[in-house]
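Working notes, structure below.
Count residues from 1 along the sequence. Here the structure is a predicted model, which is why all the values come from computation and not from measurement. All values below were derived from every heavy atom in this structure, side-chain atoms included, with hydrogens, water molecules and symmetry-related copies excluded.
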Amino acid sequence: LKLLSFSFLFLFLSFPLPPANMKLSPLVVASSLVASAGAASVQGRQHLRHLEAEASQATKYTLAQYRGNFCTGRYVALELTLGMMTQISLPEGRSPEVLCNKLVGDTSGKFVVHSCPGSAATGCPLHCDGCHEDMVKHFAVGQCTDGWMLFEGDVCTADNADCISKNKVDVGLARWCDRWPALGVPVYKVKDADELDPPAK
């Protein structure tokens, strides 16, 4: 509404005045202004949609998992939105059934991927703090990390033959959340002599 009002005022002030000996009826003047304002309003809405599309693309990222550790060749992809928890239902037979992912930026300009299972009944949690998996976690855009790479924008498009699937695989390893040891908990316990060679009873 504000855009339309501004456009109408601008067109009214810039509307060329007719010669002194020429008279225009109020209806003709009003019709011309309305038509011009309508065209400006359409252009304004198109410009706003273009800006919104650019802003949306700026917050979207793609996490790719390659078949090898050197980030070359074909890969599967996962869409991420900066600062927003997103919910994905994986194909039947894949785990977890509901996949939750969130991408956040850190103070160094890099990014942290949070991934955890959700629930078909309740959806995604507010955060994935209960998931201790940290193998697929820290990324810099465009830098290969043991076979994973984070891209800015949606790179898994129809003309990209290297991307073989999008949002169909647990790229962030949420399925490992309940298998990963908690911080500070040792994975292995050193056995003492009695355990290695228990005394005879």
If I take atom OG1 from residue Thr72 and atom CZ from residue Arg67, how far apart are they, to the nearest 0.5 angstrom? 11.5 Å
Partner residues of His127 under the side-chain hydrogen bond (donor to acceptor under 3.5 Å, both in side chains) criterion, sequence neighbours left out: Asp129
Can you name the residues that form a side-chain hydrogen bond (donor to acceptor under 3.5 Å, both in side chains) with Asp162, not counting sequence neighbours? none
Within residues 139-151 or reaching into it, pairs that qualify as side-chain hydrogen bond (donor to acceptor under 3.5 Å, both in side chains) - sequence neighbours excluded: none
Could you pull out all residues at least two apart from Gln65 that satisfy side-chain hydrogen bond (donor to acceptor under 3.5 Å, both in side chains)? none
What pairs meet the salt bridge (Lys or Arg N to Asp or Glu O under 4.0 Å) rule with one or both residues in residues 74-99, with sequence neighbours excluded? Glu79-Lys166
Sequence neighbours excluded, the answer for side chain to side chain contact (heavy atoms under 4.5 Å, CB included) partners of Cys163 is Tyr75, Ala77, Cys156, Asn160
I'd like to know if the two cysteines, Cys128 and Cys116, have SG atoms within less than 2.5 Å. yes
Quick one: which residue pairs count as a ring-ring contact (aromatic ring centres under 6.0 Å, His included) with a foot in residues 88-108, not counting sequence neighbours? none
Sequence neighbours left out, what passes side chain to side chain contact (heavy atoms under 4.5 Å, CB included) with Ser119? Give chain and number order. Ala121, Thr122
Can you measure from SG (Cys124) to CD (Gln87) and round to the nearest 0.5 angstrom? 4.0 Å
Applying side-chain hydrogen bond (donor to acceptor under 3.5 Å, both in side chains) to Ser95 and not counting sequence neighbours gives none
Compile the donor-acceptor pairs under 3.5 Å between side chains in residues 169-178 and protein atoms, sequence neighbours left out, one pair per line.
from	atom 1	to	atom 2	distance (Å)
Asp170	OD1	Leu173	N	3.1
Asp170	OD1	Ala174	N	2.9
Asp170	OD2	Ala174	N	2.8
Asp170	OD2	Arg175	N	2.8
Asp170	OD2	Arg175	NH1	3.0
Arg175	NH1	Asp170	O	3.0

Atom NZ of Lys168: over 12 foreign heavy atoms under 6.0 Å: no
ILVMFWY cluster membership beyond Val104 - transitive side-chain contacts under 4.5 angstrom: Val112
List in chain and number order the residues that pass ring-ring contact (aromatic ring centres under 6.0 Å, His included) with Phe111, two or more places apart in sequence or in another chain; answer none if no residue qualifies. Tyr61
Any side-chain heavy atom of Leu78 within less than 4.5 Å of one from Val113? no
To the nearest 0.5 Å, atom NZ of Lys110 lies from atom NZ of Lys137 at 16.0 Å
Within the side chain of Thr86, is there an N or O that forms a donor-acceptor pair under 3.5 Å with the backbone of Leu80? no
Nearest 0.5 Å, what's the OG1-CD distance between Thr62 and Glu152? 10.0 Å
